[in-house]
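One structure is given here, and the rest of the page talks about it.
Each ligand, and each atom within it, is numbered from 1 in the order the structure gives.
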Amino acid sequence: MPRPDPCRAVIFDLDGVLTDTAHLHFLAWRALAESLGLPFDEAFNERLKGVDRMGSLALILAQDPARRWTETERLALATRKNAHYQRLLGGLGPGDLLPGAAEALTTCRAAGKRIALASVSHNAPTVLQRLGITDHFDHVVDARTLHRSKPDPEIFLRAAAALGVPPAECIGVEDAQAGIDAIKAAGMYAVGLGRAGALRGADEVLATLRGFEPSEGAHLAPAHSPSGPGMRKVAPA
Ligand code: BG6
Ligand code: MG
């Protein structure tokens, strides 16, 4: 699929795209899983990326189907994980933006694109504030009002509607498989961030946001180009 022409909006995920909070979620989930005697590693964590808090917990608990949990117990576990996660967020600041993230936001703005955040995290507004990038967004989808988590397209469709831009004229940027699936189900162009071949269905996969350019052509600059150091376009899986 070619880049949208025109491209009028760029919709970013947060955790793992603009900052490495994906790792903090991993640490907090692993601590919870281990305290329950349940296995947890990086590979399992990939399945949780982009999935909301209760959905992630359900996947972890499902590893031991013989054990039953009441809704009250599940809520208590989710609250415990979130408290741990929020403690880990304590030291977060502008220096924790991932390479190229700040530049990507200013490049999109300078190119006249509308910008939205599509994160299912209830902590997203706090994270944006700590990173000092709240004002870069024309719209931040309120995760508390979502009916369905990624891979459902709801969050990306809501972002596009709030920006007043048709999905076909939007680029979505994601680090998680559930997020790529959500972008594609929304009918948008999907930019994946991560290892080549790791994100099925992405229209392109970049190693980082360094040199990210929302308009067609510029992103094709080779990794060694002076205009795009560090930016690597790799073949979609
Ligand atoms: C997503 C993360 O952005 O937010 C998930 O990829 C996380 O790992 C989800 O579980 C929900 O976050 P929170 O902050 O509402 O618990
Ligand atoms: Mg993410």
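Residues Asn82 and Asn123 have side chains that bring a donor and an acceptor to within less than 3.5 angstrom of each other. Side chains of Lys49 and His25: no donor on one and acceptor on the other come within 3.5 Å. Defined by atom type and a distance below 3.5 Å, a donor-acceptor pair is missing between the side-chain atoms of Arg130 and Thr19.
Excluding waters, the count of protein N/O/S atoms less than 2.8 Å from the Mg ion (ligand 2) comes to 3.
When the options Leu128, Leu105, Leu131 are evaluated for a side-chain contact (heavy atoms from CB on, under 4.5 Å) with His136, the one that passes is Leu105.
The pair Arg109-Asp138 meets the salt-bridge criterion, since a charged nitrogen lies less than 4.0 angstrom from a carboxylate oxygen.
The structure places CG of Asp15 at 9.5 Å from CG of Asp20, a figure rounded to the nearest 0.5 Å.
For the pair Lys184 and Asp203, the minimum side-chain heavy-atom distance is below 4.5 Å.
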Go ahead and list the nitrogen or oxygen contacts between ligand 1 and the protein that come in under 3.5 Å, distances to 0.1 Å, or just say none.
| unit_1 | atom_1 | unit_2 | atom_2 | d |
| --- | --- | --- | --- | --- |
| ligand 1 | 3 (O) | Asp15 | OD2 | 2.6 |
| ligand 1 | 6 (O) | Gly50 | N | 2.8 |
| ligand 1 | 10 (O) | Val51 | O | 3.1 |
| ligand 1 | 12 (O) | Ser121 | OG | 3.4 |
| ligand 1 | 14 (O) | Ser121 | OG | 2.6 |
| ligand 1 | 14 (O) | Asn123 | ND2 | 2.6 |
| ligand 1 | 15 (O) | Arg53 | NH2 | 3.2 |
| ligand 1 | 15 (O) | His122 | N | 2.7 |
| ligand 1 | 16 (O) | Arg53 | NE | 2.7 |
| ligand 1 | 16 (O) | Arg53 | NH2 | 3.4 |

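Within the 3.5 Å criterion, the main-chain N or O of Leu61 finds no donor-acceptor partner in the side chain of Arg67.
Contact between Ala186 and Pro153 at its shortest, heavy atoms only, is N-CB, 3.6 Å.
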